[in-house]
Chemist: 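Below you will find the structure I want to go over with you.
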Amino acid sequence: MPIDSMYPKSFASDNHAGVHPTVLEAIAAANHGDAPAYGDDRWTSAFEDRIKEVFGPGAEGFAVLNGAGANMVGLSLVLGRYNSIFCADSAHIVTHETGAAERLLGVKLVTIPTEHGKLRPDDIESRLGVIGNPHEPQPSVVSISQATELGTCYSPDEIAALAETAHAAGLRLHVDGARLANAAAHLDCDLRTITTDAGVDVFSFGGTKNGALAAEAVVILDPSLTPGIPYLRRQSLQLASKMRFVSAQLSALLTDELWRENASHANKMATRLADGIAEMPGVSLAYPVQSNAVFAALPPTVVEALQSRYLFHHWDEPTGVARWMTAFDTTPEHVDDFLADIHKAAAT
């Protein structure tokens with residue numbers, strides 16, 4: 001039986017959402033006649049100009065196909081064969097990319113326990129003693145997720161403090177921005193405030209979770225990193241032949257702040273969901289709700305009852321924590337129906 005006939009609205013991932021109508025229109029508009037391949041087209045040129053408008057004249061944007069690929073391309077720019085990456089133990093590059101960094105980049109991930117998924121300057125400073133020791137992998141980059149895998153967000157000041165700490169030690173700051181739009185919407189700031197202005201060196205801008213079909217970008221803010229990316233993107237299998245269709249989507253999201261509209265709505269639906277369980281007996285929030293993710297601790301019987309009707313991840317079974325994600329196309333009715341079923345399951 002098709003999955004869409006088995007379940008109502010999915011709360012498993014914003015990847016389950018469809019494509020925003022404006023993004024679909026942008027794809028259709030690019031689908032007229034022939035155009036040069038591999039990014040030598042006017043849509044890609046327009047996207048690259050848009051990146052400069054949004055992130056500053058020194059920013060260079062490169063369209064890629066998926067989030068893991070964006071991370072591997074971006075990180076490969078700042079790593080040598082004996083280097084390591086400092087990152088939170090909950091980071092996507094640690095938990096959900098099948099060891100891609102170790103396998104493809106040949107480096108060590110130094111995972112750091114965190115509170116609510118966020119690294120602090122002290123976390124970095126306390127691990128810098130390995131620098132110069134030939135028996136230890138040498139740290140080259142600090143990588144953070146914005147928003148984090150636990151749905152929390154770094155403030156501009158927190159990012160700037162990490163950048164200052166990293167740069168003082170000769171390290172770069174990389175941001176996995178799969179949900180960068182959700183973070184900026186929560187913080188009520190523009191995208192530049194939590195990237196360019198905060199001292200980030202290289203980051204990914206996520207489109208797929210924000211209403212695109214298969215479109216992400218690697219954005220370079222340190223000009224010394226730019227020369228290698230055309231080769232590394234190709235080598236990493238992230239250079240699309242029909243690039244115009246990827247670039248057109250990213251341009252659509254970056255035009256008139258469609259990214260903000262989509263992310264703000266998704267965040268509001270998550271807040272609506274969190275508010276709806278606030279006074280529910282036996283149910284509690286595991287982490288602050290600061291983006292489009294709600295992590296709730298539930299009795300196993302409630303999880304089992306809900307998963308018979310809804311798609312969502314039992315994030316941490318030992319603690320009973322479930323993850324519920326909202327998206328640009330989640331409606332208040334979707335949330336309210338889900339809440340009614342949560343109440344019903346919790347009451348039995």
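Small disclaimer: the values here were computed from a predicted structure and weren't measured.
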Chemist: Main chain of Phe245, side chain of Gln249: is a donor-acceptor contact present, judged purely on distance under 3.5 Å?
Modeler: yes
Chemist: Are Val294 and Ile342 linked, directly or through intermediate hydrophobic residues, by side-chain heavy-atom contacts shorter than 4.5 Å (ILVMFWY only)?
Modeler: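 Same cluster: Ile342 reaches Val294 through Ile, Leu, Val, Met, Phe, Trp or Tyr contacts under 4.5 Å.
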Chemist: Please name the pair of heavy atoms, one in Thr193 and one in Pro156, separated by the smallest distance, quoted to 0.1 Å.
Modeler: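 What the structure gives for the nearest pair is CG2-CG, 3.7 Å.
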Chemist: Does atom CG (Asn133) have a neighbourhood of more than 12 heavy atoms from anything else shown, all under 6.0 Å?
Modeler: yes
Chemist: Backbone N or O of Phe62 within a donor-acceptor pair of the Glu48 side chain at under 3.5 Å?
Modeler: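 Not at all, since once roles are kept as given, no pair shorter than 3.5 Å links the two residues.
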Chemist: Please check this pair: side chain of Ser247 against backbone of Phe47, looking for a donor-acceptor N/O pair closer than 3.5 Å.
Modeler: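 No, the answer is negative, given that no donor and acceptor are paired below the 3.5 Å cut-off.
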Chemist: Quick check against the 3.5 Å criterion: does Ser45 have a side-chain atom that pairs as donor or acceptor with the backbone of Asp41?
Modeler: no
Chemist: Between His20 and Phe328, does the ring centre distance come in under 6.0 Å?
Modeler: yes
Chemist: Can you confirm whether Glu164 is buried at CD, in the sense that more than 12 heavy atoms of other residues, nucleotides or ligands lie under 6.0 Å from that atom?
Modeler: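 Not buried by this count: 12 neighbours or fewer within 6.0 Å.
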Chemist: Hey, any chance Met243 and Trp43 share a hydrophobic cluster, counting ILVMFWY side chains that come within less than 4.5 Å of each other, even indirectly?
Modeler: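 Shared cluster, no.
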Chemist: Looking at Leu232, is its backbone amide N or carbonyl O close enough to the side chain of Ser236 to form a donor-acceptor pair, meaning the two atoms are under 3.5 Å apart?
Modeler: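 Pair found, side chain donor or acceptor close to backbone of Leu232.
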Chemist: Any side-chain donor paired with an acceptor under 3.5 Å for Thr319 and Asp316?
Modeler: yes
Chemist: If you draw a 6.0 Å radius around NZ in Lys52, do more than 12 non-hydrogen atoms from other residues or ligands fall strictly inside?
Modeler: yes
Chemist: Are more than 12 heavy atoms, taken from residues, nucleotides or ligands other than Glu304, located less than 6.0 Å from that residue's CD atom?
Modeler: no
Chemist: How are the rings of Tyr287 and His116 set relative to one another: parallel (under 30°), tilted (30 to 60°) or perpendicular (over 60°)?
Modeler: perpendicular
Chemist: Can a side-chain donor-acceptor contact be found between Thr331 and His334 if the only test is distance below 3.5 angstrom?
Modeler: yes
Chemist: According to a 4.5 Å side-chain heavy-atom criterion applied to Ile, Leu, Val, Met, Phe, Trp and Tyr, with indirect links allowed, do Leu221 and Val142 form part of one hydrophobic cluster?
Modeler: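 Per the 4.5 Å side-chain linkage, Leu221 and Val142 are co-clustered.
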Chemist: Distance-only, no hydrogens or angles: does the Gln146 side chain make a donor-acceptor pair with backbone N or O of Val175 under 3.5 Å?
Modeler: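 Here the side-chain-to-backbone pair does not exist.
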Chemist: Assess Arg323 against Trp315: is NZ or CZ under 6.0 Å from the centre of the six-membered ring, and within 45 degrees of the ring's axis?
Modeler: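 Judged by the rule, Arg323 and Trp315 form no cation-pi pair.
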Chemist: Which donor-acceptor pairs under 3.5 Å do the side chains of residues 96-115 make with protein atoms, sequence neighbours left out?
Modeler:
| unit_1 | atom_1 | unit_2 | atom_2 | d |
| --- | --- | --- | --- | --- |
| Glu97 | OE2 | Asn71 | ND2 | 2.9 |
| Glu97 | OE2 | His92 | ND1 | 2.9 |
| Thr114 | OG1 | Gly117 | N | 3.1 |

Chemist: Going by the angle between their ring planes, with limits at 30° and 60°, are Phe338 and Tyr310 parallel, tilted or perpendicular?
Modeler: tilted
Chemist: Going by salt bridge (charged side-chain N to carboxylate O under 4.0 Å, His left out), Lys9 matches just one of Asp336, Asp14, Asp329, Asp337. Which one?
Modeler: Asp329
Chemist: Mind checking the CG-CG spacing from Asn210 to Leu180? Nearest 0.5 Å is all I need.
Modeler: 9.5 Å
Chemist: So does Thr148 get a backbone contact from the side chain of Thr152, meaning a donor-acceptor N/O pair under 3.5 Å?
Modeler: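 Absent.
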Chemist: Under a 3.5 Å threshold, yes or no: a donor from one side chain and an acceptor from the other, between His186 and Asn292?
Modeler: no
Chemist: Does any N or O in the side chain of Arg127 come within less than 3.5 Å of the main-chain N or O of Asp123, such that one atom is a donor and the other an acceptor?
Modeler: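 Checked: pair present.
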Chemist: Nearest heavy-atom pair of Ala327 and His265: which atoms, and what distance?
Modeler: O-CD2, 3.7 Å
Chemist: Counting only N and O atoms by type, is there a donor-acceptor contact under 3.5 Å from the side chain of Arg260 to the main-chain atoms of Cys189?
Modeler: yes
Chemist: Is a donor from one side chain sitting under 3.5 angstrom from an acceptor on the other, for Ser224 and Arg172?
Modeler: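 Arg172 and Ser224 do have a side-chain donor-acceptor pair below 3.5 Å.
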Chemist: Look at the side chain of Gln138 and the backbone N and O of Glu136, then say whether any donor-acceptor pair between them is shorter than 3.5 Å.
Modeler: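 Such a contact is found between Gln138 side chain and Glu136 backbone.
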Chemist: Would you kindly say whether Glu216 and Thr208 are connected by a side-chain donor-acceptor distance under 3.5 Å?
Modeler: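 Checked: Glu216/Thr208 side chains pair up, N/O donor to acceptor below 3.5 Å.
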